[in-house]
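This report refers to the structure that appears directly beneath it.
Values in this document were obtained by computation on a predicted structure and should not be read as measured data. Every number for a ligand or one of its atoms is a count from 1 in the order of the listing. All values below come from the heavy atoms of this structure, side chains included, with hydrogens, waters and symmetry mates left out.
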Amino acid sequence: MRAMVLDQFGGRLQLKEVPDPAPPGPGQVLVRVRACGLCYTDVKIASASLPGPLLPRLPHILGHEPAGEVVAVGEGVMSVAPGDHVALHIYLPCGRCRACWAGDETLCDSVRQLGFNLPGAMAEYVVVPEINAVRIGQHVPLEEAAIIADAVATTVHGLRERAGLRVGETVLVIGAGGLGLHAIQVARLGGARVLAVDQAPDKLELARKVGADDAFLIQSEHAAKQVLAAAGGPVDLVVELVAKPVTMSLAAAVLRTGGRLLMIGYQPGVDVAIPTPDVVLRNLSIIGSTASSLLSFRESVRLVEQGKIRPVVTDRYRLEEANEALERLKRGGILGRAVLLVA
Ligand SMILES: [Zn+2]
Ligand SMILES: [Zn+2]
């Protein structure tokens with residue numbers, strides 16, 4: 001099969017002919033990848049700027065936002081059949097560690113992840129366990145189904161499972177990019193008033209289009225005032241997708257007493273400060289959230305099928321154009337999500 005292969009960190013991906021995956025064993029599903037979303041984490045992996053344990057051994061196939069068609073199923077597979085369209089949950093927790101026993105599968109000590117420590121989906125085929133291949137209605141374009149894996153499910157998981165979003169709250173989303181545009185939709189769907197900030201004017205427009213009540217430029221010295229005015233006071237929940245000092249100060253300035261700061265974005269090597277009196281004397285909660293549980297992923301698939309969340313795909317490339325797509329992503333030139341179409 002054809003695949004885009006990373007041979008050395010910092011180098012370009014190479015289009016290569018690699019062996020097809022083995023036929024699906026019992027409980028496994030062979031999927032013909034039709035679309036694979038691109039994430040800034042792909043840039044971090046390719047340039048080796050992720051923490052060591054998350055880096056793959058080379059050569060490696062990137063790609064952790066896949067959707068496609070089932071080609072073959074192994075013995076005992078019941079929930080999908082050849083021809084079905086599937087979105088793929090990319091996390092394979094071990095089931096044998098304390099986090100897994102406790103139901104905290106996103107914290108599994110030895111989780112395996114497509115595109116991280118397993119071969120990813122910038123390739124024509126992948127094999128996954130049956131529970132990772134979730135059937136999705138054929139009315140959903142596969143390029144939209146693809147980005148459920150991370151851009152949609154990570155925000156659904158964070159807002160629903162980690163931050164406990166409640167009807168009637170006011171939410172500020174910091175960073176209206178690949179994840180933020182979906183966080184806005186999830187917050188709105190959950191009954192919140194939603195504001196957004198970003199550094200790019202064209203992202204503000206898109207943020208309003210997908211459901212933000214208002215959106216502002218982050219670099220404005222008035223950003224906090226604008227948010228407070230638009231929210232009618234301090235906000236209940238900040239969804240932080242940027243993780244820079246300036247965005248953390250903004251979060252601290254607009255959160256209400258008892259408010260929650262949900263951190264999904266992170267930057268290796270960047271430490272941020274938050275005023276300790278704010279956290280202690282105002283009872284702020286700082287909540288980290290990584291990945292998505294299988295439950296949040298499945299809920300995300302249903303929400304997309306029902307048209308309640310619309311995956312925001314703004315750029316399309318062919319598989320062999322992955323380097324150009326990653327370059328553009330690195331330069332901040334992608335408004336929503338970019339997707340590789342795998343013919
Ligand atoms: Zn990602
Ligand atoms: Zn585990």
Does the side chain of Leu50 come within less than 4.5 Å of Tyr266's, by heavy atoms?
yes

What do you reckon, is CZ of Arg256 surrounded by more than 12 foreign heavy atoms closer than 6.0 Å?
yes

Could you list the donor-acceptor pairs under 3.5 angstrom formed between side-chain atoms of residues 93-114 and any protein atom two or more places apart in sequence or on another chain?
unit_1 : atom_1 : unit_2 : atom_2 : d
Glu105 : OE2    : Leu294 : N      : 2.9

Within the structure provided, determine whether Pro119 and Val126 are in side-chain contact (heavy-atom separation under 4.5 Å).
no

Value rounded to 0.5 Å, distance of CZ in Arg331 from CZ in Arg328:
7.0 Å

What side chain to side chain donor-acceptor pair (under 3.5 Å) pairs are there with at least one residue in residues 239-250, not counting sequence neighbours?
Glu240-Thr247

Can you count the protein N, O or S atoms that lie less than 2.8 Å from the Zn ion (ligand 2)?
4

Under-2.8 Å neighbours of the Zn ion (ligand 1), protein N/O/S atoms only:
3

Can you tell me how far CG of Leu295 sits from CD of Glu161, rounded to the nearest 0.5 angstrom?
5.5 Å

If you count every heavy atom of other residues, nucleotides or ligands that lies below 6.0 Å from Gln267 atom CD, does the total exceed 12?
yes

Taking the six-membered ring of Phe216 as reference, does the cationic atom of Lys225 (NZ for Lys, CZ for Arg) lie under 6.0 Å from its centre and within 45° of its axis?
no

